[in-house]
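Below: one structure, written as structure tokens.
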Amino acid sequence: MKYPIGIQNFESLRKDGYVYVDKTRHVFNLANEGRYYFLGRPRRFGKSLLISTMEAYFSGKKELFAGLDIYSLEKEWAVHPIFHIDLNTADYKEEGSLAVVLNDYLSKWEELYGSSASEQSLPLRFKGVVERAQKKTGKRVAILIDEYDKPILQTISNPELQERYRDQLKAFYSVLKTQDGFIKFAFLTGVSKFGKLSVFSDLNNLQDISMDNRYIDICGITEEEIHRYFEPSVKELAAANGMSYEEVTKKLKEQYDGYHFKRNSIGIYNPFSLLNTLAKQEFNDYWFETGTPSFLIELLKRSDYELPDMTTEPVSEDLLNSVDSVSKSPLPLIYQSGYLTIKGYDERFKRYRLGFPNKEVETGFLNYLLPYYAPGENRTEFEISNFVLDVESGRPEKFMERLKAMFADTSYKVAGNAELYFQNAMYLIFKIIGFYIDVERDTSDGRMDAVVRTDKYIYIFEFKLDKSADEALRKIEDRGYSKPFAADGRKLYKIGVNFSSTTWGVEEYKINVCLK
């Protein structure tokens with residue numbers, strides 16, 4: 001079986017015999033039920049291949065669709081002029097780079113359909129070439145724009161340049177509305193949907209299908225599709241890893257499933273990770289190996305965001321659906337980028353509960369963030385493994401000395417105020433430790449406290465800022481945190497820690513052993 005890993009061109013995929021998960025019924029329905037659409041999905045989720053499939057369809061290349069759903073649905077296979085813009089192919093951090101990319105596309109189209117000396121601006125040239133293409137061919141045009149938001153996302157740390165790009169794109173995309181009589185179909189994809197003050201403010205004719213239940217599986221792979229297209233590969237994966245069929249399907253689900261783009265919708269598997277796993281016959285964090293966007297860190301740097309809120313605070317659909325580029329909240333973009341997904345919905349209050357979609361995303365995201373909060377980024381994974389070994393071996397002093405040394409090397413990158421910095425850092429440390437041993441985190445009252453359990457030991461942590469380790473220990477006593485473990489045979493440690501906002505480190509700690 002040939003797996004289409006990294007292949008984004010539909011024609012080459014079909015001609016070279018790669019397996020294709022059939023999404024063409026969706027393409028037919030979109031083309032025949034409406035005209036202007038937007039789809040937001042995370043990176044490496046198949047958006048570019050979908051755009052390429054649409055390009056082949058509107059080019060009338062019937063032979064490429066033999067055996068697919070659309071082959072029997074479509075009767076005309078008309079050939080339309082195609083305007084395909086892929087904004088994922090350039091670096092937009094330099095002034096003028098967006099204009100260079102758009103000019104390149106327009107120049108090539110003007111060679112086909114002509115130009116006018118009066119059309120000086122990019123939007124006017126786009127408007128003119130759309131009209132001339134329709135008049136020259138007698139067929140209305142198809143406009144396909146991939147990663148429409150790349151210039152804006154790349155310039156989050158440069159607000160002035162981002163503002164200019166937003167204005168340029170807003171004017172350029174307005175052609176979709178002003179040239180309605182010449183357009184058969186328009187489809188835009190991206191990671192995010194920017195809000196009312198941004199590029200979509202004039203496009204009230206654009207249907208957002210990102211949370212449309214009819215098109216939930218238009219990108220990505222469903223469980224049913226895994227068994228329909230890849231059943232032999234799943235069985236081979238089980239044999240290669242010494243697992244039963246049931247064990248391997250469960251692990252695939254835990255690692256790569258879990259994306260929900262609408263409340264009560266089916267789960268979607270990350271196609272990039274799934275295909276890599278089946279092709280290489282081993283489990284890995286393939287999606288994260290391709291890199292995490294730097295714009296997330298830029299947002300966290302300026303937001304003073306409490307990381308535990310990602311999975312605890314209910315949010316509205318308006319927040320999930322839109323990104324205001326001047327907003328300080330990183331949550332919508334974290335969700336739209338695929339690091340969080342819908343986990344529940346409160347019908348009464350119309351609020352969503354978010355969470356990590358699967359283990360690959362959770363472990364990858366937390367490990368990616370940790371070096372920005374806890375110093376020593378070249379030894380983060382080593383430190384975490386040592387933390388785990390310390391608590392498993394009953395060595396709380398070594399654990400605390402290791403923690404103290406980590407913060408002594410403070411060159412924090414994402415901080416805010418000291419309390420938020422320590423809260424986020426400890427949240428990440430204990431969340432990652434929790435992948436290996438039992439950790440219960442309590443984030444009430446703005447503090448990051450934890451109970452860690454191993455087969456032989458129990459550790460109760462209490463953290464304070466600019467107070468004392470004794471006060472932290474007193475809180476453990478006063479709140480009766482150890483009472484639930486009174487009959488437990490494991491050795492119990494109470495650990496009080498005080499952080500300093502002056503040194504940005506561990507000021508002191510004290511460890512008491514609970515005598516039973």
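Given the structure is predicted, the values throughout are model-derived calculations rather than measurements.
Note that Lys491 lies outside the cation-pi zone of Tyr457, set by a 6.0 Å cut-off to the ring centre and a 45° limit from the axis. With a 6.0 Å cutoff to the six-membered ring centre and a 45° limit on the axis angle, Lys251 counts as a cation-pi contact of Phe283. In this structure, Arg490 is not positioned above the aromatic face of Phe485 in the sense of NZ or CZ being under 6.0 Å from the six-membered ring centre and within 45° of the axis.
Proximity of a side-chain donor or acceptor of Asp449 to a complementary backbone N or O of Phe463 within less than 3.5 Å is detected.
At most 12 heavy atoms of other shown residues, nucleotides or ligands fall within 6.0 angstrom of atom NZ in Lys398. Heavy-atom neighbours of Lys250 NZ from other residues, nucleotides or ligands within 6.0 Å: at or below the threshold of 12.
For the residue pair Ser192/Asp149, the side-chain donor-acceptor check at 3.5 Å is satisfied. For the residue pair Tyr165 / Ser97, a side-chain donor-acceptor distance below 3.5 Å is found, with atom types taken as modelled. Side chains of Asp318 and Ser316: no donor on one and acceptor on the other come within 3.5 Å. Using modelled atom types, one finds no donor on one side chain facing an acceptor on the other under 3.5 Å when comparing Asn498 with Ser468. Side-chain contact annotation: Gln255 with Tyr269, donor-acceptor N/O pair under 3.5 Å absent.
Atom CD in Gln162 sits 9.0 Å away from atom OG in Ser157 (nearest 0.5 Å). To the nearest 0.5 angstrom, Asn512 atom CG is 10.5 Å from Leu492 atom CG.
Counting only heavy atoms from C-beta outward, the side chains of Gln154 and Asp91 approach each other to under 4.5 Å.
The side chain to side chain contact (heavy atoms under 4.5 Å, CB included) test with Leu340 singles out one residue from Val315, Thr311, Leu333, and that residue is Thr311.
For the ring pair (Phe, Tyr, Trp, His ring centres under 6.0 Å) test, residues two or more places apart in sequence or in another chain that qualify with His26 are Tyr215.
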